[in-house]
Trainee: 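One structure follows; several queries about it will come next.
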Protein chains: 6
Amino acid sequence: MASHVLLLGLLTISYFSALAFGDESPLQDFCVANLTSPVAVNGLVCKDPQLVEPNDFFFTGLQTEGNTSNALGSQVTPAFVSQLPGLNTLGIAMARIDYAHVGVIPPHTHPRATEIFTVIKGSIEVAFVTSNPINRLLIKVLQKGDVFVFPQGLVHYQRNVGHGHAVAIVGLSSENPGLIAIPSTVFGSKPEIPSEVLEKSFQLSKSVVAKIESKF
Amino acid sequence: MASHVLLLGLLTISYFSALAFGDESPLQDFCVANLTSPVAVNGLVCKDPQLVEPNDFFFTGLQTEGNTSNALGSQVTPAFVSQLPGLNTLGIAMARIDYAHVGVIPPHTHPRATEIFTVIKGSIEVAFVTSNPINRLLIKVLQKGDVFVFPQGLVHYQRNVGHGHAVAIVGLSSENPGLIAIPSTVFGSKPEIPSEVLEKSFQLSKSVVAKIESKF
Amino acid sequence: MASHVLLLGLLTISYFSALAFGDESPLQDFCVANLTSPVAVNGLVCKDPQLVEPNDFFFTGLQTEGNTSNALGSQVTPAFVSQLPGLNTLGIAMARIDYAHVGVIPPHTHPRATEIFTVIKGSIEVAFVTSNPINRLLIKVLQKGDVFVFPQGLVHYQRNVGHGHAVAIVGLSSENPGLIAIPSTVFGSKPEIPSEVLEKSFQLSKSVVAKIESKF
Amino acid sequence: MASHVLLLGLLTISYFSALAFGDESPLQDFCVANLTSPVAVNGLVCKDPQLVEPNDFFFTGLQTEGNTSNALGSQVTPAFVSQLPGLNTLGIAMARIDYAHVGVIPPHTHPRATEIFTVIKGSIEVAFVTSNPINRLLIKVLQKGDVFVFPQGLVHYQRNVGHGHAVAIVGLSSENPGLIAIPSTVFGSKPEIPSEVLEKSFQLSKSVVAKIESKF
Amino acid sequence: MASHVLLLGLLTISYFSALAFGDESPLQDFCVANLTSPVAVNGLVCKDPQLVEPNDFFFTGLQTEGNTSNALGSQVTPAFVSQLPGLNTLGIAMARIDYAHVGVIPPHTHPRATEIFTVIKGSIEVAFVTSNPINRLLIKVLQKGDVFVFPQGLVHYQRNVGHGHAVAIVGLSSENPGLIAIPSTVFGSKPEIPSEVLEKSFQLSKSVVAKIESKF
Amino acid sequence: MASHVLLLGLLTISYFSALAFGDESPLQDFCVANLTSPVAVNGLVCKDPQLVEPNDFFFTGLQTEGNTSNALGSQVTPAFVSQLPGLNTLGIAMARIDYAHVGVIPPHTHPRATEIFTVIKGSIEVAFVTSNPINRLLIKVLQKGDVFVFPQGLVHYQRNVGHGHAVAIVGLSSENPGLIAIPSTVFGSKPEIPSEVLEKSFQLSKSVVAKIESKF
């Protein structure tokens, strides 16, 4: 249950806006997303350029502390194409992440983006794991002003290892980076992955699988 | 421990060949990978075209049944760029997958490829999970000659739900698709992800995390 | 006349679906093709993601032997985006090819795909020709389980050199690979290429050109 | 024999320079091709930028009439990356084409480029054929200053239908467009495509195949 | 005032057609632009392929001398996707440029295209400037038949340094290359860039800024 | 003179690192730039993956206030591939920008990147100009936490319109975005653009051109 509380902020956009985003090369000055069009393409259709205005390229909200009162102690505030329609076709997005004391962003991947991460406040442990069969963990503790990069598609996490609240600003190389949080994806899908698959994959008993699934 | 027994066949190529693969558009008739060059680029450097011969585009081995005597009861036999160097820059690869009775390919992602899958023998359950926050499971049981597609970057698995051995042939949209097996990546990285991160992410006790990690 | 009997299976999709396919990078979890939309784009428009179901990623039919009772003695059974709309934007497709004894798939190109080929049954000669001015033929005879690759855009053919029926499964690096069969394209276009062009290009007399054209 | 006399001008570059070209997005101001490097990549390696000079972006030669004293009565003078190394990674090239009276550029494809064509002198018939199964011929006679486009990968030809010499200037959407001339590729490969394949594909007798092959 | 007189020919297409162009890889034989569709995407939507005809791939007009009676003494005649809808998705375009005696095409960039340039008549000085911090000018005087390339995104200009009228034909690596003319963009935007910004950026007094702005 | 004082921080990387950067799709888990290799490609060659360590993905420095004691009153602190070699092939970068009271970042373009911008401190006016012939200025004043996007290739500037020092963090959609500062590029190139070109382009007298050039 816990991890999607946190993730809802980030993720609401991911599926519903899934009908059409664009991060290939822009083919005109801009293609501001028309978020209400009934036509869905690989990349959102564009607003009439005659109606475009500065606010289409603008988003306000990264100054506000995210609500970290959830099981993970973290919150993501996205400025993705759903919040900032001028990003459509431009292949970039931004987000603020808040971490309560000992808060965690759980292991996850972005199927369509690399993430560049900088600490604005506090002390944050960051790490990613290389693909099979090596599965090497590259790990680092960051202080204010430090920068780290999570390569596209690799599993990574962050956690607050400082004494108080922590804040990060991140850039992502897609206007719709997507997020696959491992815990809720594997143990909380609707419907659930058959227990036999998870038992064999994770070498767990049926009862432990059931216990983990009950949390998501 | 179990899941990377299986995965070693597939994955040995993934990391060591990681120094340089190419699946962007080909820019000449072919660029057969020079697997021993000391120069590493984003995509493998090419063999001298004067020395290219038909065998560079050839691989033998998909007729052989994979060894499924492992904890997962499955085995992958890849024809990726490491096995078939003529694939370099061409953005495609193939593999055979063998499944013992009740064998499983555990939840995993390919960071750089969509997978198209057809059953050659037996009856195989296939499924993938959409990204957050929906995490919908799309699931289907396939018989011989049926085809299914796992979209790029999404978590998917397969398992043998028939009465005997099963076999599939798959195409992947990269000559170096990469594989991120969830169990070994999350619970078997070297070094391990700190227990506190996994406890909070999966809502598990320290002892259960330790028990799962002991398997990988 | 003969070669497009064979090719109709494969090709019907190529032109009519030509109004809009997509094999650039996917920009959302999936964009299942809406095959009946009146809006045509570079890549098919998407079905409402709320209406997507597992069958959109599924195709049945590769278990069925193709009808090779035609002049070429071969038949292609495609699983391309027109048959399997979930492939839209994902850059991959699959097909089964059947060959009667001495059956041939004539020289052709795929303008948008590399093809990876494996023999399921029989013994098949495969070859491709490099571009001008070298025009080198790279040729190989394959047995069951062997794999070969035809690089994107190059002219290639296959023929059954075994004693009975032969079958191959192929992967293609586009959901809409396209097919340009040389004989019907050059000698069977509608309207025909002016005879003077073909006479000079192939160093043929007008009567021989007319005779070849009469076959297509 | 005849058609590769003509094509040698254009094609010499195609294979030998095949070791490494680049028409993906440029990733720096420029990457002037180092045509003598022993390192081959998907796209030519770059000259030291400190040594780059204006002449690297310069080519002289399109003012000179091509020698059309050959069986086809045509000649191509290319300004591709082999002649103009500054084109490397930039995805464009240019050429001049000369046509003697009734001269022809035979049916061919460019596997990596669209061609835009304008007549500088004379009157030229141009046409391309759509892919299977339609194989529609789109044909037009152009006068001085007219422009036509041949879409990427499609078979096209040109012929001089005016009273004297004709000249065209073309742009191509790759610095190494590649050329597959149908006659020499199909009937003049080294070694030859087995006669049985050509007989069945083109519905020809062995003796007619042999006669055509003798010309290439 | 002066420079956009000249530029209107070239630029009218740039903004109004901005609603949707396509220069990614073509995904079907062709996708002729439907210039009147109300649906705007990243790349123009396509005309019904059943209605396509040879004229969709044809443009006439490069034989006509451009009107150079303007302050810059130059004129561009484009064959871009707005004039030649068959170019849609094909990533190439062409133009004719006329220069009166001492005529100039002012410093500008193409955000989406490299330009390849050949002189048809006269003698033309061409140059581009590398990016910061080097800002090196690479300059060359071209005669009839000479070719030069302006790498994508870099500032470049041309001027007639011969004794009479001059003409060039250029290819551009996008069907909608875009044009950012420095003088009108910086000193002639609507509304104007605040004077304080231009004063500090160019180290100019307010009155000089006002004087320059009055020209655009 | 003034504007490249400021720009040197940002730009030193742009040219010297120009020999080879990569922002196409990554083709392996990572390709950490080898900044000292003599081999230059379109995208930097990779470090041996066996020698890669967490510090390759790490950069420290965005906590430090940039030195704005220069004519423009601004300073850029980049975390691009030259500073953070793990960014190679990943298509993203980050920077901190400091603005003294009334400080300005002059009109400029990034030939290879869109920029997403957020204010960390102060109040900053941001604007971009659309391409010809419209040249519309889209302008907005941002406060702390506001986000704005500058589409790829378009001319944009920023200036501090608050009462004290201001700070921004930006993401860019390339690991080597490039920078073309209009003032130093047009009026400060080495060698200079011939005065006649600038006089006619900007409608200036020779003496005013000379005066502007003396500043760069």
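A, B, ... follow the sequence lines: proteins, then strands. Residue 1 opens every chain.
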Trainee: Give the intermediate values and the outcome of side chain to side chain contact (heavy atoms under 4.5 Å, CB included) for residues F/Phe80 and F/Leu172.
Mentor: CA-CA 9 Å; F/Phe80 292 1; F/Leu172 296 129; 3.5 Å; yes

Trainee: Need one label for F/Ala127: side chain, backbone, both or neither, based on atoms under 4.5 Å from any heavy atom in chain A.
Mentor: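 Neither part; nothing is under 4.5 Å.
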
Trainee: Is a donor on one side and an acceptor on the other found under 3.5 Å between the side chain of F/Thr118 and the backbone of F/Ile169?
Mentor: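 Not at all, since once roles are kept as given, no pair shorter than 3.5 Å links the two residues.
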
Trainee: With sequence neighbours excluded, what pairs up with F/Ser123 under the side-chain hydrogen bond (donor to acceptor under 3.5 Å, both in side chains) test?
Mentor: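 Listed in chain order: F/Gln143.
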
Trainee: Would you tell me whether A/Thr68 and A/Asn70 have side-chain atoms, one donor and one acceptor, within less than 3.5 Å of each other?
Mentor: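 Side chains of A/Thr68 and A/Asn70: no pair found under 3.5 Å.
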
Trainee: So which of A/Val126, A/Thr114, A/Leu137 has the biggest tally of heavy-atom pairs under 4.5 Å with chain F?
Mentor: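 Going by pairs under 4.5 Å, I would pick A/Thr114.
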
Trainee: Under 4.5 Å heavy-atom distance to chain F, tell me which part of A/Ala93 shows up: side chain, backbone, both or neither.
Mentor: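 For A/Ala93, backbone heavy atoms alone lie under 4.5 Å from chain F.
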
Trainee: Taking the six-membered ring for Trp, are the ring centroids of F/His101 and F/His165 within less than 6.0 Å of each other?
Mentor: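 No - the distance between ring centres of F/His101 and F/His165 does not fall below the 6.0 Å cut-off.
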
Trainee: With rounding to the nearest 0.5 Å, note down the distance linking NZ in F/Lys47 to OG1 in F/Thr36.
Mentor: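 The OG1 atom of F/Thr36 is 9.5 Å from NZ of F/Lys47, to the nearest 0.5 Å.
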
Trainee: Considering only heavy atoms, which portion of F/Leu84 lies under 4.5 Å from any heavy atom of chain A: side chain, backbone, both, or neither?
Mentor: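 The side chain, not the backbone.
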
Trainee: Look only at the side chain of F/His110 and the backbone of F/Gly178, and say whether a donor-acceptor pair between them is shorter than 3.5 Å.
Mentor: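 Here the side-chain-to-backbone pair exists.
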
Trainee: Give the minimum heavy-atom separation between F/Ser189 and F/Thr185, together with the two atoms involved.
Mentor: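 Minimum heavy-atom contact is CB-O, 3.6 Å.
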
Trainee: Heavy atom to heavy atom, less than 4.5 Å: which residues from residues 146-155 of chain F reach chain A?
Mentor: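 So the qualifying residues are F/Asp146, F/Val147, F/Phe148, F/Val149, F/Pro151, F/Gln152, F/Leu154.
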
Trainee: Go through the atoms of F/Ile120 and report whether side chain, backbone, both or neither lie under 4.5 Å from a heavy atom of chain A.
Mentor: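 Contact with chain A: side chain only.
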
Trainee: As an exercise: rank F/Gly145, F/Gly171, F/Ala79, F/Gly86 by heavy-atom pairs under 4.5 Å with chain A and give me the winner.
Mentor: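 It is F/Gly145.
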
Trainee: In Å and rounded to the nearest 0.5 Å, what is the CG to CG distance from A/Leu87 to A/Asn176?
Mentor: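 One gets 10.5 Å once the value is rounded to the nearest 0.5 Å.
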
Trainee: Does anything in residues 54-65 of chain F reach chain A? List residues with heavy atoms under 4.5 Å apart, or say none.
Mentor: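 Under the 4.5 Å heavy-atom cut-off, F/Pro54, F/Asn55, F/Phe57, F/Phe58, F/Phe59, F/Thr60, F/Gly61, F/Leu62, F/Gln63 qualify.
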
Trainee: Tell me, please, which residues at least two apart from A/Glu53 pass side-chain hydrogen bond (donor to acceptor under 3.5 Å, both in side chains).
Mentor: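 Per chain and number, A/Glu53 pairs via side-chain hydrogen bond (donor to acceptor under 3.5 Å, both in side chains) with no residue.
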
Trainee: Quick one: pull up OG in F/Ser37 and CG in F/Leu44 and give me the separation to the nearest 0.5 Å.
Mentor: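 Answer rounded to 0.5 Å: 8.5 Å.
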
Trainee: Determine the interplanar angle of the A/Phe30 and F/Phe128 rings, folded into 0 to 90°, and report it as parallel if under 30°, tilted if 30 to 60°, perpendicular if over 60°.
Mentor: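 It falls in the perpendicular class, over 60°.
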
